[in-house]
Undergrad: 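For reference, the structure I am asking about is given below.
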Number of protein chains: 2
Amino acid sequence: MENGIANLLGALSLAVMDRIEQGAREVVGRGGETPAALIVIGYGQGMTNDKLRRILGLSHSGTVRLVDRLVSDRLVERRAGKDGREVALHLTPSGAASRNELLASRISAVTSLLDVLSSAERKQLATLIHELLARQDTSEMDRFTICRMCDDRVCTNCPLPTNKGQHAR
Amino acid sequence: MENGIANLLGALSLAVMDRIEQGAREVVGRGGETPAALIVIGYGQGMTNDKLRRILGLSHSGTVRLVDRLVSDRLVERRAGKDGREVALHLTPSGAASRNELLASRISAVTSLLDVLSSAERKQLATLIHELLARQDTSEMDRFTICRMCDDRVCTNCPLPTNKGQHAR
DNA sequence: TTAAATATGTGCGTAGCGCACATATCTGGT
DNA sequence: ACCAGATATGTGCGCTACGCACATATTTAA
């Protein structure tokens, strides 16, 4: 039964995301892509509406309304971007605090599932997942999408490649 | 950095669920818990509204409206249950067909991520995930929730325990 | 200098969901 | 046999999250 592994990973992924999303909703009081948006905006201070849209995989208007919600929650500010068309999204102090809670909640949720494994088993699993991710054929944008909830405080050297579509040479 | 593994599993789980949900939406034209509902209803012919509610983690009214959508899409029929209060949910032939497409789409989505691993690596990963799931402290209802998208054609002997809260002895 | 591209905002509608309430059926104690 | 509570379903109403089509402002390129 060669599909057994796919089914197992599917079930585990569902369990993991259920727990992450539940925690995220408790922290920010909102669901959908809103928690991910808060994390993505926090990666740097140059985020624009349009980059965010592509990372989250939402429509343009959906992204504008999402940012509206973050602004009305006093978690994000719209500032002038370099380009006169762009809006530069910045976290407020409150937004940065919520983002940290969000990241901690996510790590905690996953850890609670992982800690039934021994240290050696966790290491083995980490190696396998690292390889699995490292061998995917992902563009830079794909990587941002997959990593839209990632904790940049613990994820040094992301395994995901960023060279999809580039010439092999 | 001991949280590295949690972050990696979180990222992988997000990537897996993104792909599963995208495929599911293409198959049934609906999102949220609707695809899972179709799969759960197909597990047996005794599913009721209330059991479904608990498995999906939705409110009562949300579940009623979800079933309304499945009925209006001609995928599910409401029949009389044994108990005069209950509604017995049954898949129509069209519903059973959609369910099969859904399960195939899910397995295919996960497999496309997995197939960068060697056969030996996949086997190793399967063993680890199997152990991880087998050691969770889950009730029977927890198990149905985690397995609400599982493919019962490929998942013989589910590793999840069903004895949370029972006395040790 | 002007058309196309880029980036954002808005009117409007829909899907998916929860809360509070109403109704029907079953169960258990007297 | 009867009636209060438990169980199961359905409904009115509102809200969140989102997409489509359109409008507007700025930059870029011919």
Side-chain angles (χ1 to χ4, degrees), chain A residues 17-18 21-22 24-41 46-73 75-90 141 145 148-149, chain B residues 17-18 21-22 24-41 46-73 75-90 141 145 148-149:
Chain A
M17 290 313 298
D18 278 354
E21 285 167 11
Q22 181 188 347
R25 182 173 288 275
E26 285 168 9
V27 169
V28 298
R30 300 201 179 267
E33 293 297 326
T34 305
L38 200 59
I39 295 176
V40 169
I41 292 169
M47 186 53 56
T48 67
N49 220 323
D50 192 60
K51 270 194 228 170
L52 186 61
R53 176 190 81 75
R54 280 188 287 242
I55 293 171
L56 300 180
L58 296 180
S59 70
H60 163 63
S61 64
T63 307
V64 173
R65 300 290 152 74
L66 193 165
V67 173
D68 286 347
R69 292 193 294 273
L70 289 174
V71 169
S72 77
D73 289 348
L75 301 176
V76 165
E77 284 177 2
R78 285 181 168 116
R79 299 185 192 165
K82 292 179 184 179
D83 192 315
R85 296 166 294 187
E86 291 180 353
V87 168
L89 302 174
H90 290 259
M141 193 52 64
T145 297
R148 70 190 187 273
M149 301 279 289
Chain B
M17 290 312 299
D18 278 354
E21 285 167 11
Q22 181 188 349
R25 182 173 286 276
E26 285 168 9
V27 170
V28 297
R30 300 200 180 267
E33 293 297 328
T34 306
L38 200 59
I39 294 175
V40 169
I41 292 169
M47 186 52 55
T48 68
N49 220 321
D50 193 61
K51 269 193 228 170
L52 185 61
R53 175 190 81 75
R54 281 188 287 244
I55 293 172
L56 300 181
L58 296 179
S59 70
H60 163 61
S61 63
T63 307
V64 172
R65 300 289 152 73
L66 194 165
V67 173
D68 286 347
R69 292 193 293 273
L70 289 173
V71 169
S72 78
D73 289 348
L75 301 175
V76 165
E77 284 177 3
R78 284 181 169 114
R79 300 185 192 166
K82 292 179 184 177
D83 192 316
R85 296 166 294 187
E86 292 179 352
V87 169
L89 301 174
H90 290 259
M141 193 52 65
T145 297
R148 69 190 188 274
M149 300 279 288

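Side chains included, hydrogens not; waters and symmetry mates left out as well; all remaining heavy atoms used. Here is the naming used below: chain letters follow the sequence lines, and residue numbers restart at 1 for every chain.
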Undergrad: Which residues pass the side chain to side chain donor-acceptor pair (under 3.5 Å) test with B/R65, sequence neighbours left out?
TA: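 For B/R65, no residue satisfies side chain to side chain donor-acceptor pair (under 3.5 Å) once neighbours in sequence are set aside.
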Undergrad: Using a 4.0 Å heavy-atom cut-off, does A/R78 contact any base of the nucleic acid, only the sugar-phosphate backbone, or nothing at all?
TA: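 Touches sugar-phosphate only.
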Undergrad: In residues 33-40 of chain B, what residues come within less than 4.0 Å of DNA chain C, judged by heavy atoms?
TA: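 Within this stretch, B/E33 sit under 4.0 Å of the strand.
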Undergrad: Less than 4.0 angstrom between a side-chain N/O of B/R69 and OP1 or OP2 of C/dG16, yes or no?
TA: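 Answer is yes, contact under 4.0 Å.
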Undergrad: Determine whether a donor-acceptor pair (N or O, by modelled atom type, separation under 3.5 Å) exists between the side chain of A/T145 and the backbone of A/I55.
TA: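 Pair found, side chain donor or acceptor close to backbone of A/I55.
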Undergrad: Can you name the salt bridge (charged side-chain N to carboxylate O under 4.0 Å, His left out) partners of B/R25, sequence neighbours left out?
TA: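 Partners of B/R25 by the salt bridge (charged side-chain N to carboxylate O under 4.0 Å, His left out) criterion come out as none, since no residue qualifies.
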Undergrad: Please name all residues satisfying salt bridge (charged side-chain N to carboxylate O under 4.0 Å, His left out) with A/E26, sequence neighbours left out, ordered by chain then number.
TA: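 In terms of salt bridge (charged side-chain N to carboxylate O under 4.0 Å, His left out), with neighbours along the sequence ignored, A/E26 is linked to no residue.
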Undergrad: Please enumerate all residues that pass salt bridge (charged side-chain N to carboxylate O under 4.0 Å, His left out) together with A/R53, with sequence neighbours excluded.
TA: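 A/R53: salt bridge (charged side-chain N to carboxylate O under 4.0 Å, His left out) contacts with A/D50.
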Undergrad: Going by side chain to side chain donor-acceptor pair (under 3.5 Å), name the residues that satisfy it together with B/N49, two or more places apart in sequence or in a different chain.
TA: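 Expected list: none.
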Undergrad: Can you measure A/R53 atom CZ to C/dT6 atom P for me and round it to whole angstrom units?
TA: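 Going from A/R53 (CZ) to C/dT6 (P), I get 11 Å.
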Undergrad: Just checking A/G31: base, sugar-phosphate only, or nothing, at a heavy-atom cut-off of under 4.0 Å?
TA: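 Sugar-phosphate contact only - A/G31 comes under 4.0 Å of backbone atoms but never of a base.
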Undergrad: Between B/V87 and B/V67, is any pair of side-chain heavy atoms under 4.5 Å apart?
TA: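 Answer no - side chains too far apart.
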Undergrad: Walking along DNA chain D from 5' to 3', note the first and the last nucleotide with an atom under 4.0 Å from a heavy atom of chain B, and give both.
TA: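 So the contact region on DNA chain D extends D/dA6 to D/dC13.
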Undergrad: Quick one: are A/R78 and A/L89 in side-chain contact, heavy atoms under 4.5 Å?
TA: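 When only atoms from C-beta onward are counted, A/L89 and A/R78 do touch, with a gap below 4.5 Å.
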Undergrad: At a cut-off of 3.5 Å, list every protein nitrogen or oxygen paired with a nitrogen or oxygen from nucleotides 23-26 of chain C, distance to 0.1 Å.
TA:
{"unit_1": "C/dC26", "atom_1": "OP1", "unit_2": "B/G84", "atom_2": "N", "d": "2.9"}

Undergrad: For a 4.5 angstrom cut-off between non-hydrogen side-chain atoms, does B/D73 reach B/V28?
TA: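 They are not in side-chain contact.
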Undergrad: For the CD1 atom of A/I41 and the CG atom of A/L75, what is their distance to the nearest 0.5 Å?
TA: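 Reported value, rounded in 0.5 Å steps: 9.0 Å.
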Undergrad: Roughly how far apart are B/E86 CD and B/R79 CZ, rounded to 0.5 Å?
TA: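 That separation rounds to 15.0 Å.
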Undergrad: In terms of the nearest nucleotide of DNA chain D, which residue is placed more toward the 5' end: A/L66 or B/T48?
TA: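 The 5'-side residue here is B/T48.
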Undergrad: Taking side chain to side chain donor-acceptor pair (under 3.5 Å) as the definition, give me every residue that meets it alongside B/H60, ordered by chain and number, with sequence neighbours left out.
TA: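 Side chain to side chain donor-acceptor pair (under 3.5 Å) list for B/H60, sorted by chain: empty.
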Undergrad: I need the A/E21 CD to A/M17 CE distance, nearest 0.5 Å.
TA: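 One gets 4.5 Å once the value is rounded to the nearest 0.5 Å.
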Undergrad: For the residue pair B/T34 and B/L38, establish whether any side-chain heavy-atom pair is separated by less than 4.5 Å.
TA: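 Answer no - side chains too far apart.
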Undergrad: Toss me the dot-bracket line for DNA chain C: Watson-Crick and G-U wobble, both under 3.5 Å, 5' to 3', using | for pairs to another strand and [ ] for crossers.
TA: ||||||||||||||||||||||||||||||
Undergrad: Under the salt bridge (charged side-chain N to carboxylate O under 4.0 Å, His left out) rule, collect the residues that match up with A/R148, sequence neighbours excluded.
TA: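 A/R148 satisfies salt bridge (charged side-chain N to carboxylate O under 4.0 Å, His left out) with A/E33, B/D18 only.
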Undergrad: Checking B/D83 against B/T48 for the side-chain contact (heavy atoms from CB on, under 4.5 Å) test, could you report, in this order, the C-alpha distance in whole Å, the side-chain angles of both residues, the deciding distance, and whether it holds?
TA: CA-CA 10 Å; B/D83 192 316; B/T48 68; over 6 Å; no
Undergrad: Where each residue is assigned the nucleotide of DNA chain D containing its nearest heavy atom, which of B/R54 and B/D68 is assigned the position nearer the 5′ end?
TA: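 Taking each residue's closest nucleotide, the earlier one in sequence belongs to B/R54.
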Undergrad: With a 4.0 Å heavy-atom cut-off, tell me which residues in residues 55-65 of chain B come close to DNA chain D, sorted by residue number.
TA: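 Residues of residues 55-65 of chain B under 4.0 Å from DNA chain D: B/H60, B/S61, B/V64, B/R65.
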